[in-house]
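Notes follow once the structure below has been shown.
Below, chain A is the first sequence line, B the second, and so on; all start at residue 1.
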Amino acid sequence: MAFVQKPQVYKAAINTVELGVGEKKVAVGGATVSPLYSFDAPIANPPRVGIEITDTGLKGATKGMAEFYSGCNSLADIAKRAAQAPGADFVCLKLEGADPGEENKSVEDCVAAAKEVCGAIDKPLVIEGCKNTQKDAQLFEKIAEALQGKNVLFLSAKEENHKTVGASVGLAYSQKVGAESACDINLAKQLNVLMTQLGVPSGSMVMNLGSAAAGYGFEYVASTMDRVKQAALGQNDSMLQMPVVTPVASEAWSVKEAIISEEDMPEWGDQEQRGIKMEIVTAAACLASGSDAVILKHPASVATISAFIAALM
Amino acid sequence: MALTGLDIFKITPKTNCKDCGSPTCMAFAMKVAQGAVPLDKCPHLSAEVRAKLDEATAPPMKTIKIGTGEGEFTLGGETVLYRHEKTFVSKNLYAVAISDAYSDAQNDSAFADIKKVDYERIGERMCVDAIFVDYASDGAKYIELVKRAKETGKTLIINCGDAAVASSALEIAGASKPVLGGADSTNFAALNDLAKKYGIVLGVKGKDLSELHDTVEKLEALGNKELILDVTMASIKDAFSAAVQVRRASVKDGDRVFGYPSIVNTAKLASGDMNMQAALASLFTLKYGSVIVMEHMSYSDALPLYGLRQNIFTNPQKPMKVEPGIYPINGANENSVCALTVDFALTYFVVSGELERSGVPVNFLITDAGGYSVLTAWAAGKLSASSIAKFFQEADIEGKVKNRTLIIPGKVAVLKGEIEDKLPGWKIIPSPPEAIHLVKFLRELNA
Ligand code: B12
Ligand code: SF4
């Protein structure tokens, strides 16, 4: 008996969310099949790849990163170079320096940094906070105001600050907002419901379902995403149909495998190479599980993951 | 398709004699359908009927064994498409490719990887699981490679569609139960004879899924059900499509012809591009590659991939835990400092590794935190000043350790004050947030 292909195409779809404006705006989401299953039916928008830069500049950059950004003297230079990295669909500015436990940069400084980056690039901008929910709420409100009309995505609104972030970013300034939860389908759904009740349109929302580096609790990430996609597509659950945007860089580049020096661990070999592979393996696993966009840091990872996606479409 | 209770009932003698231990034939049939009772409990089924039922009630995907001794592995036997439904049972294997088409330098470096990458992670040995010996055209060189590969003691995949060359290769390596790969629509009969002669698993390929399906059916007709399906195909997209569809057809749609484990060769799909091979190996670790072949396996590939595999093949119902208690490290005694963390196996493994690396004697204290990571446990209320105080009392830490310095995980540095209140006389020192900074921290603390 010949093999008869049984394509599994769902009647439901992941929402399509547009980021940025103008020629280089990108659409995220829209799939009607399981993640990367382009053989079942064409996928409206391939998963997207973002490149992450931080307001603290090139502090702690690896050799290859420093080379890639060589000659960049300002945040604007860095942003421009990042936007040109082969395979990058958007640029993500992470406001690391705003963390009250670290440099504690002022809101004004962060607004200035965001404006500088936004002005330097022709691709969509994503703003990632400093993980302090209170500070993030303040930052996001002011940056959303300053960058009105640019269709910027803010990562993320969490349970603690979703009201402020949703009301300012999503409603007052009509930007895009990500809802972040920690590897739990019920929490993810609950946050989406709350944001929707606030009045944030579903077309303005994405979600971060939680991320972890390969080997560091990734089973929870994979299973959460598997279940969310099945509910979104298989059960047409509109409160889980937001596209998934996963920041991979910060997770991948903070585990031992990526940061311990070759001097300390001679048998493991080149440190930068380890970081790149950790980022690539984690990103590919996220995409296989259901991320509609991933955010990476190293230009080599960006290039590989973008080629990986292209080969699968 | 799985049989329903009713399907099975139709074939029972319907005498309700109770010899099977069930009150009625119907009750028996229901239990068999659920997999609760084996078919042979009913002594009154004819051999013919039983064979038919066995076939129909067999699991959707065959479990096959390859290799011998330490290199013996089980592949297949999966019953679900997603790990949250049920634990995945057979870890995928990572194999390194060597070939008579490769330069000597490349083959040498693959052999070097095999020697070099060998370590432990959370109680599991991580190393190259198998060698994929790929035949191109040079028989003499190929046989030399087979000899060299056999000496490593690793499980081999003799990927050789030329029956004559394969025959010589198996004379060397056949006893170690390698997989014989490379059977297709043209050579399957000859390769099948060889596989049968050595009692080994046969790898089957096809230019597309239809051809693969046909060839498997022909092999099954020849009586061979010890197969692996090579889903590599001609492109990355086709390979992924094939890996998913083969698994889906068997597990979800009940197509037994595709009910075998798979093998996918990323060395062929992305030759020379190790970054892409790492991405593909990651993809196929999650989505249905039973054996994943790569050109190299350096530490940079192994660390994330083996970690990912270890995560994915855990039981979704229970986190991996370690027993709470005192774990003396680097020869610690009652006068050594204490460092505390949660009972999540991953956390224990990461932190104990760093403690060992520091060379500083430390009493490592594991508290009962429900098997959660530091922040998860803290957020869930399972790691708090009270839980720590309770643990100190139950484990009688003060009676067992004289030193009064306690290092707590940096991620819960906020607990310092509360712990000091609950444990009078103890000096509480928060560590840096990440374990990797522990070596420097401990050495400075000790200085
Ligand atoms: C997987 C995961 C889960 C899994 C649980 C996995 C597990 N077994 O713990 C699940 C899905 C169950 C889960 C649930 C929750 N989670 Co959770 N989860 C994660 C995730 C993604 C990874 C955790 C992990 O495995 N880390 C790896 C281990 C090794 O890290 P670790 O234990 O901290 O150890 C490191 C360091 O602390 C240090 N260290 C540890 N001990 C010691 C000791 C010494 C002496 C030293 C020097 C160093 C040291 O070394 C290690 C390596 O550096 C994180 C986010 C992230 N990426 O970290 C969120 C995260 C921890 N979860 C979070 C939350 C809020 C929750 C929930 C409370 C959500 C909810 N409201 O229900 C629940 C709680 C559980 C419950 N309901 O009872 C938050 C915590 C927020 C906060 N700052 O408090 C996080 C940070 C996500 C986030 N950004 O919001 N989670
Ligand atoms: S032993 Fe067989 S015939 Fe007797 S009750 Fe059980 S199923 Fe029916």
Where does [X] contact chain A at under 4.5 Å (heavy atoms): side chain, backbone, both or neither?
{"X": "B:L81", "value": "neither"}
{"X": "B:M320", "value": "neither"}
{"X": "B:A270", "value": "neither"}
{"X": "B:R357", "value": "side chain"}

Please report the closest heavy-atom contact between [X] and [Y], naming both atoms and the distance.
{"X": "B:L286", "Y": "A:S289", "value": "CD2-OG, 3.2 Å"}
{"X": "B:K287", "Y": "A:A288", "value": "NZ-O, 3.7 Å"}
{"X": "A:A285", "Y": "B:S282", "value": "N-OG, 3.3 Å"}
{"X": "A:F308", "Y": "B:M276", "value": "N-CE, 3.4 Å"}
{"X": "B:A279", "Y": "A:T304", "value": "CB-CG2, 4.4 Å"}

[X] side, atom [atom1]; [Y] side, atom [atom2] - distance, nearest 0.5 Å:
{"X": "B:S373", "Y": "A:Y220", "atom1": "OG", "atom2": "OH", "value": "8.5 Å"}
{"X": "A:I309", "Y": "B:I236", "atom1": "CD1", "atom2": "CD1", "value": "12.0 Å"}
{"X": "B:D301", "Y": "A:R274", "atom1": "CG", "atom2": "CZ", "value": "12.5 Å"}
{"X": "B:T347", "Y": "A:Y216", "atom1": "OG1", "atom2": "OH", "value": "10.0 Å"}
{"X": "B:N311", "Y": "A:S223", "atom1": "CG", "atom2": "OG", "value": "10.0 Å"}
{"X": "B:S241", "Y": "A:Q5", "atom1": "OG", "atom2": "CD", "value": "5.5 Å"}

Is it true that, when you exclude [X] itself, more than 12 heavy atoms of the residues, nucleotides or ligands shown sit nearer than 6.0 Å to its [atom1]?
{"X": "A:E263", "atom1": "CD", "answer": "no"}
{"X": "A:E272", "atom1": "CD", "answer": "yes"}
{"X": "B:E120", "atom1": "CD", "answer": "yes"}
{"X": "B:K205", "atom1": "NZ", "answer": "no"}
{"X": "A:W268", "atom1": "CH2", "answer": "yes"}

| said: Students often mix this up, so state it plainly: with edges at 30° and 60°, are the rings of A:F3 and B:F258 parallel, tilted or perpendicular? | reply: tilted
At a heavy-atom distance under 4.5 Å, which candidate from [options] has the highest pair count against chain A?
{"options": "B:D238, B:I312, B:V439, B:V244", "value": "B:V244"}
{"options": "B:E434, B:Q310, B:R121, B:K116", "value": "B:R121"}
{"options": "B:D273, B:L283, B:L305, B:V117", "value": "B:L283"}

Can you say whether [X] sits under 4.5 Å from chain B via the side chain, the backbone, both, or neither, judging by heavy atoms?
{"X": "A:S34", "value": "side chain"}
{"X": "A:I260", "value": "both"}
{"X": "A:Q230", "value": "side chain"}

| Best-contacting candidate, A:S301, A:A303, A:A284, against chain B by heavy atom pairs under 4.5 angstrom | A:A284
| message | At a heavy-atom distance under 4.5 Å, which candidate from A:D40, A:D270, A:L287, A:T282 has the highest pair count against chain B? | response | A:D40
| task | Would you mind reporting whether B:K237 and A:L36 have side-chain heavy atoms less than 4.5 Å apart? | result | no
| message | Within the 4.5 Å heavy-atom criterion, are A:K6 and B:K252 side-chain neighbours or not? | response | no
| task | Mark yes or no for whether B:R83, through its side chain, and A:A222, through its backbone, hold a donor-acceptor pair below 3.5 Å. | result | no
| request: Please assess A:Y37 against B:R248 for the test side-chain contact (heavy atoms from CB on, under 4.5 Å), listing each intermediate value before the final yes or no. | output: CA-CA 12 Å; A:Y37 287 16; B:R248 196 163 72 186; 3.7 Å; yes
